[in-house]
Number of protein chains: 2
Amino acid sequence: MPYSYEYPHPAVTADVIVFSIIEGRLNVVLIRRAAEPFKDCWALPGGFVQMDEDLKAGARRELAEEAGISPDQLAGLPFFQIGAYGHPDRDPRERVITVAFATLVPMDRVSLVASTDAAEVQWFPLDDLPPLAFDHATILSDARAALARMVETRLTDEATAVFAFLPEAFTLAQAQSVFEIVKGQDLDKRNFRKWIDANWEIEDLKRKTTGGRHRPAALFRLVGLKAG
Amino acid sequence: MPYSYEYPHPAVTADVIVFSIIEGRLNVVLIRRAAEPFKDCWALPGGFVQMDEDLKAGARRELAEEAGISPDQLAGLPFFQIGAYGHPDRDPRERVITVAFATLVPMDRVSLVASTDAAEVQWFPLDDLPPLAFDHATILSDARAALARMVETRLTDEATAVFAFLPEAFTLAQAQSVFEIVKGQDLDKRNFRKWIDANWEIEDLKRKTTGGRHRPAALFRLVGLKAG
DNA sequence: CCAAAAGTGTTGGAACTACACCCATGA
DNA sequence: TCATGGGTGTAGTTCCAACACTTTTGG
């Protein structure tokens with residue numbers, strides 16, 4: 001036991017909620033725990049923060065180790081803190097305080113989730129979750145609430161992060177579907193189109209989707225928020 | 001050194017931003033540090049979380065110890081988490097991760113702040129702060145941003161907490177001034193009155209202010225958010 | 001030619017903004 | 001009677017919600 005302190009210290013972990021959209025539903029990455037406590041139970045990827053790394057860096061490192069998602073695969077994607085969770089008995093081993101982060105991965109890159117070592121890693125639809133270890137159900141529901149708050153009316157700048165769910169080149173129908181899923185309510189097609197180009201600078205890529213047996217859709221790229 | 005662990009553990013502290021409104025300006029409680037590091041520097045009240053207490057409970061306990069504000073004086077007031085701060089070198093002594101909380105105290109109860117022991121405790125206007133210890137300036141600015149977000153247009157339910165700045169019985173002019181200060185912009189008197197009674201249930205206490213050398217103002221009490 | 005999704009404007013209501021005068025009190 | 005802050009309504013604008021048909025492609 002080489003690490004000694006004059007006063008007791010809690011352990012600190014960082015957990016990550018990885019959101020994406022798969023087949024029209026919000027999904028998250030869970031891993032099956034290989035060790036006690038909660039062995040074989042599903043949990044958020046995460047683990048102990050090292051002494052010389054920032055909380056966010058620790059979260060990214062654990063995400064790479066446990067879910068095979070490397071920090072450079074997440075370059076440019078939102079990665080934000082949800083909060084700290086520290087009920088004294090949330091972990092049966094010892095006092096563990098966890099700091100939760102969330103990230104949003106594009107719907108065309110969900111395959112970047114890969115099992116490493118023996119760990120089982122899997123996407124789960126948010127509305128069909130298995131029982132979760134620790135207080136991860138609470139953390140997840142807070143993260144879901146944070147996501148929903150980003151797209152509340154009139155908070156257009158916070159909503160920018162939600163575009164991370166979309167591929168680099170997206171159709172307006174895809175964009176609408178993403179906002180519908182995050183908000184949890186259906187939107188009117190024409191109103192959505194008016195709203196998106198009143199609020200965002202989107203570049204028309206002058207390309208069309210192909211292959212669908214229907215009229216092709218124009219592809220766009222997000223440039224940024226409109227000034228004003 | 002009686003507390004030993006197999007792996008290194010950081011220390012965890014809880015800090016509290018106590019906001020109030022004094023003479024028409026947002027203020028916060030700071031304490032002058034009695035010990036190194038940052039001895040004699042001003043800092044947020046806070047301290048080490050004990051192993052058997054919740055983060056929020058630890059924050060409240062430290063607030064009582066360092067600023068003389070007891071938990072039962074805060075009963076019924078908002079007390080919410082701002083976030084966790086854990087840059088590896090934010091504390092020169094050892095790795096210290098802090099979880100920041102904020103609370104809003106009514107403008108007629110600012111006197112509950114009292115020095116204890118040798119600690120100097122004082123209200124500071126937010127726009128005239130001394131240099132702060134650690135990364136407390138960052139934390140404070142995040143807390144200020146969280147407060148501002150509560151009163152963004154259309155988020156009426158989050159704005160409820162802001163009423164905590166007001167006395168139990170308040171005039172509409174006081175309420176308007178509180179919202180102006182939190183938002184950082186002037187509001188139109190008639191529009192504000194329409195808005196407040198479109199959105200909140202406020203009870204007319206059938207009493208008036210006295211003593212001002214002008215027309216007395218009607219006193220109200222917040223009942224809650226209007227349904228719908 | 002049929003199925004499927006893309007694309008496109010107008011109208012009515014609600015919410016927000018701007019704006020100016022009289023009232024009740026204490027000194 | 002004067003200084004001070006309290007109290008009140010209307011009109012223009014902007015924003016939001018509801019709503020249906022035509023177009024383009026692949027099979």
Side-chain angles (χ1 to χ4, degrees), chain A residues 21 23-24 107 151-157 159 166-167 169-181 183-200 202-221 225-228, chain B residues 21 23-24 107 151-159 166-167 169-200 202-221 225-228:
Chain A
I21 290 181
E23 290 167 11
M107 57 208 317
V151 292
E152 294 264 311
T153 342
R154 296 291 188 89
L155 291 172
T156 40
D157 59 322
L166 290 165
F170 57 85
T171 68
L172 295 177
Q174 285 178 308
Q176 179 176 344
S177 150
V178 163
F179 278 86
E180 283 174 338
I181 291 162
K183 287 182 122 127
Q185 67 182 252
D186 287 353
L187 302 173
D188 178 85
K189 198 194 329 187
R190 282 170 290 188
N191 292 341
F192 177 78
R193 282 159 193 244
K194 260 180 297 177
W195 172 81
I196 201 170
D197 76 34
N199 290 288
W200 276 281
I202 56 173
E203 180 189 351
D204 186 339
L205 295 174
K206 312 287 189 196
R207 290 190 289 124
K208 305 255 174 189
T209 52
T210 53
R213 58 198 224 194
H214 51 77
R215 178 172 173 175
L219 288 165
F220 296 89
R221 187 179 68 83
L225 245 187
K226 275 228 172 121
Chain B
I21 291 180
E23 290 168 10
M107 56 209 317
V151 293
E152 294 265 311
T153 339
R154 296 294 187 86
L155 290 171
T156 39
D157 58 323
E158 309 216 356
L166 291 164
F170 57 84
T171 68
L172 295 178
Q174 284 178 310
Q176 180 177 342
S177 152
V178 163
F179 277 88
E180 284 174 337
I181 290 163
V182 173
K183 287 182 123 127
Q185 67 182 252
D186 287 352
L187 302 173
D188 178 85
K189 198 191 337 185
R190 281 170 290 191
N191 292 341
F192 177 78
R193 283 160 193 243
K194 262 180 295 179
W195 172 81
I196 202 170
D197 77 36
N199 290 289
W200 277 282
I202 55 173
E203 181 189 349
D204 186 339
L205 295 174
K206 311 289 188 193
R207 290 190 291 124
K208 304 256 175 188
T209 53
T210 53
R213 58 197 223 193
H214 51 77
R215 178 171 174 177
L219 287 164
F220 296 90
R221 188 178 68 83
L225 245 186
K226 274 225 171 127

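Just so it is clear, the values below take in all heavy atoms, side chains as well, and ignore hydrogens, waters and symmetry mates. Each chain gets a letter, A, B and so on, in the order its sequence line appears, and its residues count up from 1.
Comparing B:Lys189 and B:Lys194 by the nucleotide of DNA chain C whose heavy atom lies nearest to each, the residue mapping closer to the 5' end is B:Lys194. Both A:Ala217 and B:Gln185 sit near DNA chain C, but only A:Ala217 has its closest nucleotide nearer the 5' end. In terms of position along DNA chain D, the nucleotide closest to A:Asp188 lies nearer the 5' end than the nucleotide closest to the other residue of the pair A:Asp188 and A:Pro216.
When side chains are defined from C-beta on, A:Glu180 counts as touching A:Asp186, because their heavy atoms get closer than 4.5 Å. Annotation: side chain of A:Pro216 is in contact with side chain of A:Thr209 (closest heavy-atom distance under 4.5 Å). Between A:Leu219 and A:Lys208 the shortest side-chain heavy-atom distance does not fall below 4.5 Å.
Taking only side-chain atoms of B:Arg215, from C-beta outward, the nucleotide of C:dC19, C:dC16, C:dC23 with the closest atom is C:dC23. Comparing D:dC19, D:dG7, C:dT17 by their closest approach to the side chain of A:Asn191 singles out D:dC19. In the set D:dG7, C:dT8, C:dA18, D:dG7 carries the atom at the smallest distance from any side-chain atom of B:Arg193. Comparing D:dG7, D:dC19, C:dT17 against the side chain of A:Arg190 picks out D:dC19 as the nearest. Considering only side-chain atoms of A:Arg154, the nucleotide from C:dA24, C:dA5, D:dC16 that sits closest is D:dC16. Of the listed nucleotides (C:dC16, D:dT4, C:dA6), C:dA6 has the atom at the smallest distance from the side chain of A:His214. For A:Arg213, counting side-chain heavy atoms from C-beta on, the closest listed nucleotide (D:dT8, D:dT23, D:dG26) is D:dG26.
Between B:Asn199 atom CG and C:dC16 atom C1' the separation is 12 Å, expressed in whole Å. Between B:Glu180 atom CD and D:dG5 atom C1' the separation is 14 Å, expressed in whole Å. Between B:Lys226 atom NZ and C:dA15 atom P there is a gap of 12 Å when expressed in whole angstrom units. Rounded to whole angstrom, the span from the CD atom of B:Gln176 across to the C1' atom of D:dG7 amounts to 12 Å. Regarding A:Arg207, its CZ atom lies at a distance of 17 Å from the C1' atom of C:dA6, rounded to whole Å. With rounding to whole Å, A:Lys183 atom NZ is found 10 Å from D:dC16 atom P. Rounded to a whole Å, the CZ atom of A:Phe192 is 14 Å from the P atom of D:dC16. Remark: P of C:dC23 and CG of B:Leu172 are 20 Å apart, rounded to the nearest angstrom.
Among the heavy atoms of the strands, none lies under 4.0 Å from B:Ala198.
Separation of the B:Phe179 and B:Trp195 ring centroids falls under the 6.0 Å cut-off.
Looking at A:Lys226, its side chain never comes within 3.5 Å of a backbone N or O of A:Ala198 through a donor-acceptor pair.
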